[in-house]
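These notes are about the structure you will find just below.
What you see is a predicted model, and the numbers here were worked out from it, not measured in a lab. Worth knowing before you read on, the calculation uses all heavy atoms, side chains too, and leaves out hydrogens, waters and symmetry mates.
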Amino acid sequence: MNEQVLQKLKVLAESAKYDVSCASSGTVRHNSKGGVGNTVGGWGICHSFAEDGRCISLLKIMLTNYCIYDCAYCINRISNDIPRATLSVSELVDLTMEFYRRNYIEGLFLSSGVVRNPDYTMERLVRVAKDLREVHRFNGYIHLKSIPGASEELVRQAGLYADRLSVNLEIPTEENLKRLAPEKDHQSVYLPMKYIQQGVLESNEERKKYRKAPRFAPAGQSTQMIVGATSETDRDILRVSSSLYERPTMKRVYYSGYISVNTYDKRLPALKQPPLVRENRLYQADWLLRFYEFKVDELVDDRTPDLDLEIDPKLAWALRHPEFFPVNIQTADYESLLRVPGIGVRSAKLIVTSRRFSRVGFYELKKMGAVMKKAKYFITCNELPDKTILELGPTQVRKLLLPHPAKKKDDLQLSFDFGDSFTTHEKP
């Protein structure tokens, strides 16, 4: 590997680090005779961990960090004076194969700045994936970032070579996207999403008839939203996520805490550090929407449009609805068990299965993985001497689960008013 390519790699890997939507592949691509690599068991790439403890990684890089757009929140915006680099298709393909042979990576996450126009950029991304698959017979994981505004034909081609395709929504509302990225609009993002969805569904139907029909983006699609760069509440963000999850091929919505990389731009808030706790709460709420049968309006509403930063969203909902509790472990249905703080999907399934054969008590619940520190205030069973939320009340339960005084909120979690001036104030 020559010094010039290494220097390009350093610049482009640094530029790619702000994109967080590259966790799990969710696909299996077996090796074939004469091929190179494989994707094992649908587990994550890019420093995810397999069931046996293995750390699986990919090469996360941009094809180029030159960009014709001037998005306020992006480090690679055209007006920034930063080191720029561009890899040729052959350089990137060779780099990926060399890293794989050295056992550095098991796949590729490839994005790019937009040069000339979306179709020109997308065509180069497709060529990289095509050369890896057809010339080098690479069977590892490939995640391609589809370029907003790219044509249907190019998106369809990309889906034949990539395991997952994604298009970043970036800003949840059209109004704020236009304010920070005037050259972009939501239509240019939703159209490629539609093309990917159609390709996946058509491929699934074709494979029902012909077993060896080509697969189209077998790991589906994902997207990403920036949290804290604009004035949207958590309710606004989660409503967008919920509508995206109604699409049958949308696998993940990622939330990226706003990182202040362009402090000179007065359209952006003056945050010293990313809102990491808020980002975490959004991921927890997202999990509740996907796996716990919660609705957005149950987690956030007109009175509380933002998630509680001190406690997780499930516990916050439970404290607001004491009338739902305590839940009887011996008789409650699966859906009710999922609402109990400290009881997860796996634990709820085990409870429903186990109680057919014997009564479930405190120690059985612990063995099933229930977090009894939380759960004991919201359930009834034979062996729980503690008082429940009915006797203690929501305020007392909250104090018991937060034994130490809440630390003074710092600049991580500042919210702000969006108007003529950017005044920061603490969340209530």
Side-chain angles (χ1 to χ4, degrees), residues 16-29 39-51 56-58 60 106-111 141-148 155 158-159 162-172 186 189-190 192-201 203-204 215-227 232 234 236-258 274 276 278-296 299 307 312-314 344-345:
K17 72 180 183 181
Y18 297 102
D19 198 323
V20 302
S21 57
C22 59
S24 71
S25 63
T27 184
V28 176
R29 188 183 291 271
T39 303
V40 181
W43 287 94
I45 313 294
C46 191
H47 300 98
S48 288
F49 290 88
E51 192 175 55
I56 308 173
S57 60
L58 55 66
K60 183 180 180 183
E106 294 185 60
L108 172 69
F109 177 91
L110 180 60
S111 58
Y141 175 71
I142 297 179
H143 182 156
L144 286 186
K145 300 294 296 186
S146 181
I147 304 299
V155 175
D163 293 287
R164 173 169 287 181
L165 293 173
S166 56
V167 197
N168 283 355
L169 191 60
E170 302 292 6
I171 304 298
H186 276 178
V189 176
Y190 285 126
M193 284 185 180
K194 181 181 177 182
Y195 300 150
I196 296 168
Q197 177 178 314
Q198 291 173 343
V200 171
L201 296 178
S203 173
N204 290 343
R215 298 188 300 173
F216 184 97
Q221 60 177 313
S222 61
T223 190
Q224 173 180 295
M225 287 187 281
I226 298 172
V227 177
E232 290 89 0
D234 293 339
D236 297 328
I237 294 170
L238 290 173
R239 279 184 167 176
V240 174
S241 299
S242 180
S243 66
L244 290 172
Y245 282 131
E246 292 175 1
R247 300 167 182 249
T249 59
M250 181 60 67
K251 300 300 182 184
R252 286 294 304 273
V253 175
Y254 291 87
Y255 308 94
S256 176
Y258 164 67
L276 300 180
R278 185 185 180 195
E279 176 188 306
N280 184 53
R281 295 293 180 231
L282 283 168
Y283 274 114
Q284 290 172 329
D286 182 279
W287 207 260
L288 294 179
L289 296 178
R290 293 165 62 206
F291 301 111
Y292 287 76
E293 303 179 13
F294 277 82
K295 303 298 181 186
V296 173
L299 302 174
L307 297 167
D312 67 82
K314 190 177 179 183
V345 172

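- V155 is not listed as a side-chain neighbour of V167, based on a closest heavy-atom distance of 4.5 Å or more.
- Ring orientation note: the planes of F291 and W287 are tilted relative to one another, at an angle of 30° to 60°.
- Using a 4.5 Å heavy-atom cutoff, the side chains of P172 and D236 are not in contact.
- The main-chain N or O of V253 is found under 3.5 Å from a side-chain atom of Y245 such that the two form a donor-acceptor pair.
- Of the possible donor and acceptor atoms, one in the side chain of E279 sits under 3.5 Å from a partner among the backbone N and O of G257.
- To the nearest 0.5 Å, atom CZ of residue F109 and atom CG of residue L144 are 9.0 Å apart.
- Each of K251, Q221, Q224, K145 was checked for a side-chain hydrogen bond (donor to acceptor under 3.5 Å, both in side chains) with S166, and the lone residue meeting it is K145.
- Note that CG of L289 and CZ of R239 are 12.0 Å apart. Values are rounded to the nearest 0.5 Å.
- Put simply, the side chain of Y283 gets close to the backbone of Y255: a donor and an acceptor are under 3.5 Å apart.
- Heavy-atom minimum distance, L169 versus V240: CD2-CG1, 3.5 Å.
- When every heavy atom of Y254 is checked against every heavy atom of S222, the shortest pair comes out as CE1-CB, 3.9 Å.
- The main-chain N or O of I142 is found under 3.5 Å from a side-chain atom of D163 such that the two form a donor-acceptor pair.
- Distance CZ/R278 to CD1/I237: 4.5 Å, rounded to 0.5 Å.
- Contact between L244 and M250 at its shortest, heavy atoms only, is O-CB, 3.3 Å.
- The shortest heavy-atom contact between P192 and I147 is CG-O, 4.3 Å.
- Annotation for L165 and A158: closest pair CD2-CB, 3.9 Å, computed over non-hydrogen atoms.
- Between atom NZ of residue K194 and atom CD of residue Q197 there is a gap of 9.0 Å, rounded to the nearest 0.5 Å.
- The two atoms that bring A217 and V200 nearest to each other are O-CG2, 3.8 Å, heavy atoms only.
- When atom types are taken as modelled, the side chain of H143 and the backbone of K60 share no donor-acceptor pair closer than 3.5 angstrom.
- Checking side-chain atoms of N168 against main-chain N and O of E170 turns up no donor-acceptor pair under 3.5 Å.
- With values rounded to the nearest 0.5 angstrom, T223 atom OG1 is found 12.0 Å from R252 atom CZ.
- Annotation: the span from M193 atom CE to S146 atom OG amounts to 9.5 Å, rounded to 0.5 Å.
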